[in-house]
Amino acid sequence: MRIPHPLLGLRDLREFTYLGDAALIDRPEATADEDKAALNAHVFLRDNPAGTHRELWYHEYGDRSWLVVTRDTRTHEILGAELARDVALAAGRDR
Amino acid sequence: MRFSAFRLIREGLTGNRGWKPLWRDPAPGPAYDHIIVGGGGHGLATAYYLAARYGMRRIAVLEKGWLGGGNVGRNTTIIRSNYMLPGNQPFYEFSLKLWEGLEQEINFNAMVSQRGVLNLYHSDAQRDAYRRRGNAMILSGADARLLGREDVRRMAPFLDFDNARFPIRGGLLQPRGGTVRHDAVAWGYARAADRLGVDIIQNCEVTGFRIARGRVEGVETSRGYIAAPSVGVAVAGASSQVMAMAGMRLPIESHVLQAFVSEALKPAIPGVITFGAGHFYVSQSDKGGLVFGGDIDGYNSYARRGNLPVVEDVAEGGMAVMPMIGRARLLRMWGGIVDMSMDGSPIIDRTPVEGLFLNAGWCYGGFKATPASGHVFAHLIATGQPHATASAYRLDRFERGLVIDEKGMGAQPNLH
Ligand SMILES: Cc1cc2nc3c(=O)[nH]c(=O)nc-3n(C[C@H](O)[C@H](O)[C@H](O)COP(=O)(O)OP(=O)(O)OC[C@H]3O[C@@H](n4cnc5c(N)ncnc54)[C@H](O)[C@@H]3O)c2cc1C
């Protein structure tokens, strides 16, 4: 697997570590008691699809940016990669 | 047909004409009392124990492919009970005891071989951790021996004891651990279940559940609708897909784990040897092949094949601890899809849907659990209550803060 880094081009899998579903960006605030179900779902539950998956990769042995990679989990075909920062900003988060 | 030495001789003398298929190939019936989804080790064992221990009848196992095509036929065959936490260790020791009587019970040679499992340590801290683990094992009724460097050298003189980064200082040995021929486990349970009247239906994929007023009524399959008031799901890597059809999201990610087998060699390796520090473990099959592996690849996958960085990592680990492995040629390698849970421990529980039961989250280590998993899942399905050794494997343990996290890694499946 090679990941098409938006700034650095095709990079080898060895340079990255994997976190998981890109939905992890949307951490709920969960300050009130009634938010606990949302926080539980955020921390522990996953869609885990067989097919297209948007997921967080960290370019640890590179520029140390977080990427959102879109990948087919059945074939490992990589369909795209964006900077996670751009994804978070576009979703209205402050970083 | 009972298997015995007498039978073998008789068949040998009469041209082997008396052997019959090990199980029937029935068409799916319209309705059963119990349906088990998934004909892997756990599903087949569950069906067997439901019939044999709990007296249940009218049971079907529905398997989308063929028996042994999933992880039960892809694993590296290691059995052991060297866990540490109270929610886990008694369960795995229960399983090891079931392995010890399994072949007699199901009248099938599964080549259960208690050749010992040795975990190497390289530092004082690791030795102390293994001493603690060994004591936890002994408390659960299992066996454990802490070995020094010279004890290990007598068992496995070929290891690189003076490796600069990971010199071998000793190991934790479980003499009763070992290996089992994995396909024989699937076939043996299938045959034993079939003899008790269980319908084992291959090429039958479950494609949906019929649920009314919160109760399961049956399953839709590629071979038509089948009714049942009780459905147990044991589909390993496919758990999230199957349970999504019942409207559930699971604390599970599916990952690929690779395994490797060398060409056949003369007997060289006494038991199972694990080099955790270098992500490598190895044993030698009775055919002579070195069977080895390492860590999961580490990203969500349903591909049943992994990538080269892990191949390299495993090969490096092997070369570091056992340089002689460099002379062996690799014969085969493959991957299997493992159901990694959020705390590294399994789930055996009821679900919010009445009559629907879940057995999942086995990570890279559910083969050793096969007999106990089947036994306790059958207990849950038959009685509605968790079995004493599996009472911690609850589905809601995550939100209740009762995780069973042997490695202390948190909700990060690729670190367990
Ligand atoms: C490479 C590798 C090495 C391993 N090494 C070890 C080891 O040394 N020791 C150990 O203890 N464990 C090991 N494991 C883990 C162990 O193999 C698994 O945890 C265990 O086999 C899972 O249970 P099972 O046998 O029931 O799974 P499986 O054999 O995978 O059974 C699940 C079955 O469900 C079927 N299924 C899926 N979806 C559907 C559907 N919709 N309808 C009907 N059927 C369906 C599948 O086709 C499959 O046959 C290893 C795993 C791998 C991949």
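Since this is a predicted model, take the numbers as computed values, not measurements. Naming convention: chains lettered A, B, ... in sequence-line order (proteins, then strands); numbering from 1 in each chain.
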*Asks:* Would you find a donor on one side and an acceptor on the other, under 3.5 Å apart, between the side chain of A/R71 and the backbone of B/N300?
*Replies:* yes

*Asks:* How long is the straight-line distance from NE2 of A/H53 back to OH of B/Y302, given to the nearest 0.5 Å?
*Replies:*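 It is 8.5 Å, given to the nearest 0.5 Å.
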
*Asks:* Between A/R46 and B/S240, is any pair of side-chain heavy atoms under 4.5 Å apart?
*Replies:* no

*Asks:* Give a yes or no on whether B/R394 atom CZ has more than 12 heavy-atom contacts from other residues, nucleotides or ligands under 6.0 Å away.
*Replies:* yes

*Asks:* Counting neighbours of CZ on B/R305 that are heavy atoms of other residues, nucleotides or ligands and sit closer than 6.0 Å, is the number greater than 12?
*Replies:*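 At most 12 heavy atoms, drawn from other residues, nucleotides or ligands, come within 6.0 Å of this atom.
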
*Asks:* Are any side-chain N or O atoms of B/N307 and backbone N or O atoms of A/M1, one a donor and one an acceptor, separated by less than 3.5 Å?
*Replies:*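 Present.
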
*Asks:* Got a second to check how far B/I252's CD1 is from A/D47's CG, nearest 0.5 Å?
*Replies:* 13.5 Å

*Asks:* Heavy atoms, side chains only, cut-off 4.5 Å: are A/L13 and B/Y299 in contact?
*Replies:*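 Heavy-atom side-chain distance check passes, below 4.5 Å.
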
*Asks:* Which region of B/R304, side chain (C-beta onward) or backbone (N, CA, C, O), has a non-hydrogen atom less than 4.5 Å from a non-hydrogen atom of chain A, or is it both or neither?
*Replies:*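 Nothing of B/R304, per the 4.5 Å heavy-atom cut-off to chain A.
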
*Asks:* What part of B/A411 lies closer than 4.5 angstrom to a heavy atom of chain A: side chain, backbone, both or neither?
*Replies:*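 The answer is both parts of B/A411.
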
*Asks:* Can you give me the closest heavy-atom contact between B/S301 and A/H76, atom names plus distance?
*Replies:*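 Heavy-atom minimum between the residues: OG-NE2, 2.7 Å.
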
*Asks:* Using the ring of each side chain (for Trp, its six-membered ring), is B/H255 parallel, tilted or perpendicular to A/Y18, with breaks at 30° and 60°?
*Replies:* perpendicular

*Asks:* Would you find a donor on one side and an acceptor on the other, under 3.5 Å apart, between the side chain of B/Q412 and the backbone of A/L19?
*Replies:* yes

*Asks:* Does atom CZ of A/R2 have more than 12 heavy-atom neighbours from other groups under 6.0 Å away?
*Replies:*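 Result for CZ/A/R2: open.
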
*Asks:* Check each atom of A/L39 against the heavy atoms of chain B and say whether the ones under 4.5 Å are side chain, backbone, both or neither.
*Replies:*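 Contact with chain B: none, neither part.
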
*Asks:* Can a donor-acceptor pair be found, under 3.5 Å and without considering hydrogens, that links the side chain of B/Q241 to the backbone of A/N48?
*Replies:*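 Yes.
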
*Asks:* Does B/R223, at its CZ atom, have more than 12 non-hydrogen atoms belonging to other residues, nucleotides or ligands within less than 6.0 Å?
*Replies:*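 It does: B/R223 CZ has more than 12 such atoms within range.
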
*Asks:* Measure the spacing between CG of A/L45 and CZ of B/R249 and express it to the nearest 0.5 Å.
*Replies:* 5.5 Å

